[in-house]
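First up is the structure itself, then whatever we jot down about it.
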Amino acid sequence: MFITLEGIEGSGKTTQIKTMAQWLTAAGRDCLTTREPGGTPIGGQIRSVLLHPDNSDLTPTAELLLYVADRVQHLETVVRPALAAGKVVVCDRYFDATLVYQGYARGLDKDMIRQLHQLACEGLTPDLTLLLDLDPEAGLARAWRRIDSDTAHEMESRFEKEKLLFHQRVRAGYLDLARREPRRFAIIDATADMRVVRAQIESTLEAYFKRRPSTIE
Ligand code: TMP
């Protein structure tokens, strides 16, 4: 089973993925958490290129192809082997992020992005996608508050430097994808307190496993 977490900057994915893993483990599932970009050593190098604030002249298409390169490496060496071994894979961002950031927000052709995904990743689609939704102003305020932490470099990434309008397009893009695929997406209200968000995620997972009892060991 393949679960993905999506949302704008500051939506709290990184915190929630840890508690999701605990919940899944307690439910008896062998669980692997990972992320894109940067879920492999080579992906880590690609991530640095993608997020480095000095790389402001990276073109949208070059950016797209780097995300896809990171994904192919990640799928082939981490995700597919784990799925084949019967694990639940929980991934912080995946293909929907590419459609939203490079398509809806940067303006690249969404059909071209879908074709590329089909070609490079055989169209592997998550079983369940949790969208942590919140207003970009609130999300960015949270992201900027983390500037002092040990991930300071990433907090000043090219994406955090984008204007509010860019992040509003990202949010609208995610909500549009969720509207188009309501069976795969669950929208989680991420404005709430961390514990409340966690409770929403856990009840979504419970409901999902109830609908698909064969996926519980
Ligand atoms: P993160 O901060 O959630 O790890 O994500 C890194 C940045 O990369 C974030 O600003 C979103 C962006 N991104 C894309 O633009 N396209 C993609 O396909 C992915 C996976 C992430």
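Index from 1, following the sequence. Numbering of ligands and ligand atoms starts at 1, following listing order.
- Residue contact check: Gln102 has heavy atoms under 4.0 Å from atoms 14 (C), 15 (O), 16 (N), 17 (C), 18 (O) of ligand 1.
- For the pair Arg142 (side chain) and Gly10 (backbone), a donor-acceptor distance under 3.5 Å is present.
- Under a 4.0 Å criterion applied to the non-hydrogen atoms of Lys13, ligand 1 contributes the atoms 3 (O).
- Screening Glu36, Arg93, His117, Arg71 for a side-chain contact (heavy atoms from CB on, under 4.5 Å) with Thr98, the sole residue that qualifies is Arg71.
- Contacts of Glu63 with ligand 1, taken as heavy-atom pairs under 4.0 Å, are absent altogether.
- Note: no N/O pair closer than 3.5 Å links Asp92 and ligand 1 by distance alone.
- Counting heavy atoms under 4.0 Å from ligand 1, residue Leu51 touches it through the side chain alone.
- Between the side chain of Glu6 and the backbone N or O of Leu130, no donor-acceptor pair lies under 3.5 Å.
- Near Arg71, meaning under 4.0 Å from any of its heavy atoms, are these atoms of ligand 1: 18 (O), 20 (C).
- Contacts between Arg47 and ligand 1, counted as non-hydrogen atom pairs separated by less than 4.0 Å, involve the side chain only.
- Between Asp176 and Tyr104, the side chains place a donor N or O and an acceptor N or O closer than 3.5 Å (distance only, hydrogens not considered).
- Not one N or O on the side chain of Ser203 forms a donor-acceptor pair closer than 3.5 Å with the backbone of Ile201.
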Evaluate the side chain to side chain contact (heavy atoms under 4.5 Å, CB included) criterion for residues Leu175 and Leu131: first the C-alpha distance (whole Å), next the side-chain angles of each, then the deciding distance (0.1 Å), finally the verdict.
CA-CA 8 Å; Leu175 289 173; Leu131 171 58; 4.1 Å; yes
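- Nearest-heavy-atom check against atom 12 (C) of ligand 1 across Tyr67, Phe166, Tyr101 picks out Tyr67.
- For atom 1 (P) of ligand 1, the nearest non-hydrogen atom from the set Arg35, Arg93, Glu9 belongs to Arg93.
- Taking every non-hydrogen atom of Glu36 and a distance limit under 4.0 Å, the qualifying atoms of ligand 1 come out as 20 (C).
- Side-chain contact annotation: Thr40 with Thr77, donor-acceptor N/O pair under 3.5 Å absent.
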